[in-house]
Amino acid sequence: MRPVNLDLDALRSFVTGMEVGSFAKAASKLARSTSAISAQLKKLEAQAGTPLFKKAGRQLELTDAGEVLLGYSRKLLSLNDETVAAVAELKLKGWVRLGLQEDLGGFLPQVLGRFMRAHPNVQVEACIARNADLLSRLDKGSLDLAVAWDGVDRAGYRETVAELPMSWIGSSQHPLAWRPDGQVPLPIIAFDAPCPFFALATEALDRAGLPWRLAFTSASLSGLAAATEAGLGYTIRTRLGLQRGTELLPVGRQNLPRLPSIALTLHRPEAIADPVTEKLSAIVLQAIRSELAAGQA
C-alpha cells in the first residue's frame with residue numbers, strides 16, 4: 001500500500017479556518033477563494049479516508065477524526081515552518097532579549113527552543129517576571145520585547161495578542177465554603193502589589209458590596225496555585241496558564257461579580273525593530289494565538 005502524503009497547503013487552510021472561526025475568513029486571510037478552500041477540505045477528507053466534519057444544527061463541528069487531524073496538522077505545519085526558516089534564514093544573526101509573563105511559561109520555552117535550533121547564530125536571552133518588572137526593563141533598555149498584561153500606559157510600540165476574560169479560580173479538590181451573605185469577607189489570593197488582576201477584582205467586589213480580605217500573597221504563579229489548590233481562597237487570572245489542582249469557576253458562582261477582560265500585549269521600544277526581534281515577535285505572537293485556539297477546540 002502506497003503511503004498517503006497529506007497536502008500541507010490544505011492542512012494550513014484547515015488549521016487557519018479552525019483558528020479564525022470560519023473558512024470564509026480563512027480564505028481571505030490566505031488570499032484564496034472560498035471554493036479553493038472547500039476543494040482543499042474535500043481533498044483532506046479523501047486523503048484521511050473519513051469525514052472530518054459533522055452537522056451540528058446550522059454549524060459544522062469536527063468529528064473525532066477531525067479533532068485528531070487538527071492536532072497533528074498544527075505539529076506538521078510548525079515543523080514545516082521551522083524547517084523552511086532554518087534553510088532560508090541561516091544568515092540571521094544577532095542578540096534578542098525577551099521578557100514573558102509567568103502564565104506563558106508552560107509552552108513558550110519550547111517555542112524558544114525551536115527558534116534557537118532554526119537560527120543557531122541568534123543568541124536569545126529570556127526571562128519570566130511580573131508586569132511592572134518587565135515594563136521597567138523595557139524602559140531601561142534591558143529587554144527588546146516583552147509580553148505583559150495590559151493596564152499600564154507607556155511609550156513605545158504595543159500590539160494586542162488577545163483579549164481574555166478574567167475569571168475567579170478555585171480549588172478543584174477543596175471547594176471554598178464561603179457564602180455571599182455579607183458577613184464573612186471573601187478570602188483573596190493574589191500577587192504582591194501592584195497586580196492588575198487584584199485591582200480589577202477588588203473593584204468589582206466593592207461595586208457589588210461584597211466584603212473581601214487578602215488571605216495569601218505570593219511573588220510567583222506557582223505560589224498562587226498552591227494556595228488556591230489548598231482551598232485558602234479564590235485567585236483571579238485567565239484560562240491561559242491555568243495550574244494543576246485549580247479550576248475556572250462558572251460565571252455567577254456564589255454570586256461573585258462578573259470580571260472584565262484583560263489584554264495580553266506585546267511591547268517593544270519601537271514599532272520597527274531589527275530583523276531578529278521582528279522574527280521572534282512574529283513567532284511568539286503565533287505561538288500564543290495557536291495555544292489559545294487549541295484551548296478552545
Side-chain angles (χ1 to χ4, degrees), residues 99-109 127-136 146-152 160-265 288 291-292 294-296:
L100 300 171
Q101 268 290 328
E102 195 172 359
D103 306 69
L104 308 174
F107 67 94
L108 269 188
C127 71
I128 289 178
R130 298 275 306 281
N131 253 37
D133 190 13
L134 291 174
L135 299 180
S136 175
V147 180
W149 297 109
D150 211 356
V152 179
T160 298
V161 183
E163 287 277 350
L164 296 172
M166 294 167 49
S167 298
W168 297 102
I169 297 176
S171 173
S172 58
Q173 303 297 323
H174 307 286
L176 192 64
W178 177 83
R179 294 291 180 268
D181 55 12
Q183 303 298 316
V184 179
L186 176 70
I188 298 293
I189 297 167
F191 277 130
D192 304 319
C195 173
F197 289 89
F198 175 69
L200 291 169
T202 52
E203 286 175 11
L205 288 169
D206 291 341
R207 285 194 301 270
L210 294 174
W212 56 270
R213 65 181 177 88
L214 191 56
F216 189 94
T217 62
S218 174
S220 71
L221 193 61
S222 60
L224 299 186
T228 304
E229 182 181 9
L232 300 185
Y234 289 144
T235 192
I236 313 100
R237 300 304 287 176
T238 73
R239 63 183 175 86
L240 188 64
L242 188 66
Q243 302 290 293
R244 181 178 299 178
T246 67
E247 62 181 3
L248 301 179
L249 301 184
V251 175
R253 168 76 66 86
Q254 296 176 310
N255 291 324
L256 289 171
R258 182 184 292 271
L259 298 174
S261 293
I262 188 168
L264 187 64
T265 309
I288 296 172
E291 179 76 7
L292 291 171
Q296 292 177 330

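Just so you know, residue 1 is the first one in the sequence shown, and it goes up from there.
Rounding to the nearest 0.5 Å places CG of D133 at 7.0 Å from SG of C127. One finds the CD atom of Q254 at 6.5 Å from the CG atom of L176 (value rounded to the nearest 0.5 Å). Put simply, CG on L224 and SG on C195 are 8.0 Å apart, with the number rounded to the nearest 0.5 Å.
Between T160 and A263, the shortest heavy-atom contact is CG2-CB, 4.2 Å. Summarising the geometry of G231 relative to S171, their closest heavy-atom pair is N-CB, 4.2 Å, with the distance given to 0.1 Å. Here the closest heavy-atom approach between residue A146 and residue L134 is recorded as CB-CB, 4.3 Å. Annotation for S220 and F191: closest pair C-CE2, 3.4 Å, computed over non-hydrogen atoms. Nearest heavy atoms, W178 versus P187: CD1-CD, 4.2 Å. The shortest non-hydrogen separation linking L210 to N255 is CD1-O, 3.9 Å.
Residues S172 and E229 fail the side-chain proximity criterion, which asks for heavy atoms closer than 4.5 Å. Here the side chains of L205 and P257 are in contact, with some heavy-atom distance below 4.5 Å. Looking only at side-chain heavy atoms (C-beta outward), E102 and I128 come within less than 4.5 Å of each other. Here the side chains of W168 and I188 are in contact, with some heavy-atom distance below 4.5 Å. L200 places none of its side-chain heavy atoms less than 4.5 Å from the side chain of L259. Counting only heavy atoms from C-beta outward, the side chains of W149 and L264 approach each other to under 4.5 Å. Annotation: side chain of L240 is in contact with side chain of L164 (closest heavy-atom distance under 4.5 Å).
Taking the six-membered ring where the residue is Trp, the centroids of W212 and F198 are separated by under 6.0 Å.
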Walk me through whether L221 and R237 qualify under side chain to side chain contact (heavy atoms under 4.5 Å, CB included). CA-CA 10 Å; L221 193 61; R237 300 304 287 176; 3.8 Å; yes
Please step through side chain to side chain contact (heavy atoms under 4.5 Å, CB included) for the pair R179 and V184, ending with a clear verdict. CA-CA 8 Å; R179 294 291 180 268; V184 179; over 6 Å; no
Between R239 and L292, does a side chain to side chain contact (heavy atoms under 4.5 Å, CB included) hold up when you go through it step by step? CA-CA 9 Å; R239 63 183 175 86; L292 291 171; 3.9 Å; yes
One pair to check against side chain to side chain contact (heavy atoms under 4.5 Å, CB included): D192 and R130. What are the steps and the verdict? CA-CA 10 Å; D192 304 319; R130 298 275 306 281; 4.2 Å; yes
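Remark: side-chain polar atoms of S167 are not paired, donor with acceptor, to backbone N or O of I169 under 3.5 angstrom. Listed for the T235 side chain is a donor-acceptor partner under 3.5 Å among the backbone atoms of I189.
Annotation: E163, atom CD; neighbour count of heavy atoms from other residues, nucleotides and ligands within 6.0 Å is above 12.
Screening T202, N131, T238 against F197 for a side chain to side chain contact (heavy atoms under 4.5 Å, CB included) leaves a single residue, T238.
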